[in-house]
Structures are given as structure tokens and as C-alpha cells.
Amino acid sequence: MSIYLIRHGKTEANEKHLYCGSTDLPLSEKGRAELRAMGYHITPKRFVTSGMKRTDETLRILFGNVPFYVDSRFREVDFGSFEMKSYDQLKEKAAYQAWLTGDNERNVPPGGESGAQMTRRVLEAFREIPDGTALVTHGGVIAAIMAHLFPAEGKHRYQWQPPNGHGYEISGGTYQPIP
């Protein structure tokens, strides 16, 4: 059996390079079109999303009107006061510079959560995912899971983040990109 980790399609925030974790955005028109053009040839037994508009919409486009479960522990990291802002909008702010420097995994954006906090909640939920599940979630969530499962690869979390609409099939201690 396999577990499938699928990143949601593009949103306006992805297209504008904005920090977007807790903001509940739908897919953009471009994101919908890209998903419709993808050739997914997997047959999961069950489906789980983070419950956010962009993950639920991605699931429906890729797999149709299938029943699914929502587990909010699979939501993206909360960027707090940096939500829906770009690097250019934030680069002069002391709080942003403090967040970027040092231990980026442990630093907490004002009003948000750290990468380490997000990883803990995600891994707790991931332990409960049975084989045959497709998890439609977020790039940071997938990256945290992959970095945890495959530490010998030597990749940091951001190197594991797949493009929108893509992800990984995990099976028998190995993985391959999908679609």
C-alpha cells in the first residue's frame, strides 16, 4: 500500500509570492486549470484534507466528488502578522528580520507558530493516517513529513516542498514524485 501526499493547487497568494498559511483562500483560475491538466493515475482508498478551501477544491478537481475526512492538524504553518504579505512588504520590519535570522525552524512570527510547532502537530496526525490514504494538504506540511521520514536524504524542509498540485507517493520506506 501507499500514502499519497498532494499539495493543493495554486492560489492568488502563491502567484503573488505572499506568505499564506492560515488564510483560507480558494484556488486561482490558473491553479484550477493546471490541476485539470494533470494526469493523476492513483487510486487511494480514502481521502483526507486540511479542511481549507484550497485543499478541498484540489481534491474535488483531481478525484471528483469522493467522500473525505478533514483533519485541521494538517493545516499550513500560521505566519501570524506576516500572513498575506510579501518579502518586499516586510523586509524593512525588525520583527520580520528577527524571524528570518537565526534558527528559522524555531523562530515564531508575531501571532503565529514556528516551523517546529507545525511539524509536531503534523507528525502527530500523520501517525494516524492508514495506508491507502491520499492527503491533500500544504507544501510546508508535506515538507515536514518528508524531512521526518527520509532524514538520510540530508534535505532541509524547504527542499522537500513540491510544486503546487504535485507531491509524493510513499510506499515500503521509499518515495516517488507524483503525478
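We're numbering straight along the sequence, starting at 1. From a predicted model like this one, the values you see are computed outputs, not experimental measurements.
- To the nearest 0.5 Å, atoms OG (Ser171) and CG (Asp131) are separated by 7.5 Å.
- Lys155 NZ: more than 12 foreign heavy atoms inside a 6.0 Å radius.
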If you apply the rule salt bridge (Lys or Arg N to Asp or Glu O under 4.0 Å), what do you find for Lys53 with Asp56, and how did you get there? CA-CA 5 Å; Lys53 291 175 187 174; Asp56 294 358; over 6 Å; no
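- Atom-to-atom distance recorded for Glu83:CD and Asp78:CG is 5.5 Å, nearest 0.5 angstrom.
- Looking only at distances, a side-chain donor or acceptor of Thr11 sits under 3.5 Å from a matching main-chain atom of Ala13.
- No donor-acceptor distance shorter than 3.5 angstrom exists from the side chain of Gln161 to the backbone of Tyr158, with no hydrogens or angles considered.
- Salt-bridge annotation for Glu15 and Lys30: absent, with no side-chain N of the basic residue lying under 4.0 Å from a carboxylate O of the acidic one.
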Quick one: side chains of residues 60-70, donor-acceptor pairs under 3.5 Å with protein atoms, not counting sequence neighbours, listed by atom name and distance.
none

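- For the pair Arg7/Pro162, a side-chain contact is recorded, criterion being any heavy-atom separation below 4.5 Å from C-beta on.
- Remark: side-chain polar atoms of Arg32 are paired, donor with acceptor, to backbone N or O of Leu27 under 3.5 angstrom.
- Taken together through direct or relayed side-chain contacts under 4.5 Å among Ile, Leu, Val, Met, Phe, Trp and Tyr, Val108 and Tyr96 form parts of separate hydrophobic clusters.
- Tracing side-chain contacts under 4.5 Å through hydrophobic residues (I, L, V, M, F, W, Y), one never reaches Tyr168 starting from Tyr4; they form parts of separate clusters.
- Without hydrogens or angle criteria, Arg54 side chain to His8 main chain gives no donor-acceptor distance under 3.5 Å.
- At distances below 3.5 Å, at least one donor-acceptor pair connects side-chain atoms of Asn107 with backbone N or O atoms of Trp99.
- Not a single donor-acceptor pair under 3.5 Å links the side chain of Glu76 to the backbone N or O of Ser22.
- Contact check on Lys16 versus Glu12 returns a salt bridge, with a Lys/Arg side-chain nitrogen under 4.0 Å from an Asp/Glu carboxylate oxygen.
- Under a hydrophobic-cluster definition in which Ile, Leu, Val, Met, Phe, Trp and Tyr are linked whenever side-chain heavy atoms come within less than 4.5 Å, directly or via other members, Val136 and Val77 are assigned to different clusters.
- Side chain of Gln176 to backbone of Ile170: no donor-acceptor contact under 3.5 angstrom is found.
- Rounding to the nearest 0.5 Å gives a distance of 7.5 Å between NZ of Lys10 and OG of Ser28.
- Using a 30° and 60° split on the angle between ring planes, Phe79 and Tyr19 fall in the tilted class, from 30° to 60°.
- Side-chain contact between Val48 and Thr137 is absent, with no heavy-atom pair separated by less than 4.5 Å.
- A donor and an acceptor atom, one from each side chain of His138 and Ser50, are located under 3.5 Å apart.
- Looking at Thr23, its side chain never comes within 3.5 Å of a backbone N or O of Cys20 through a donor-acceptor pair.
- At a threshold of 4.5 Å between side-chain heavy atoms, the hydrophobic network of Ile, Leu, Val, Met, Phe, Trp and Tyr places Leu149 and Ile142 in one connected group.
- Remark: the backbone N or O of Ala125 is not paired with any side-chain donor or acceptor of Glu128 at under 3.5 angstrom.
- Between the side chain of Arg121 and the backbone N or O of Gln117, no donor-acceptor pair lies under 3.5 Å.
- Clustering ILVMFWY residues whenever any of their side-chain heavy atoms sit less than 4.5 angstrom apart, transitively, puts Leu59 in a cluster other than the one holding Ile129.
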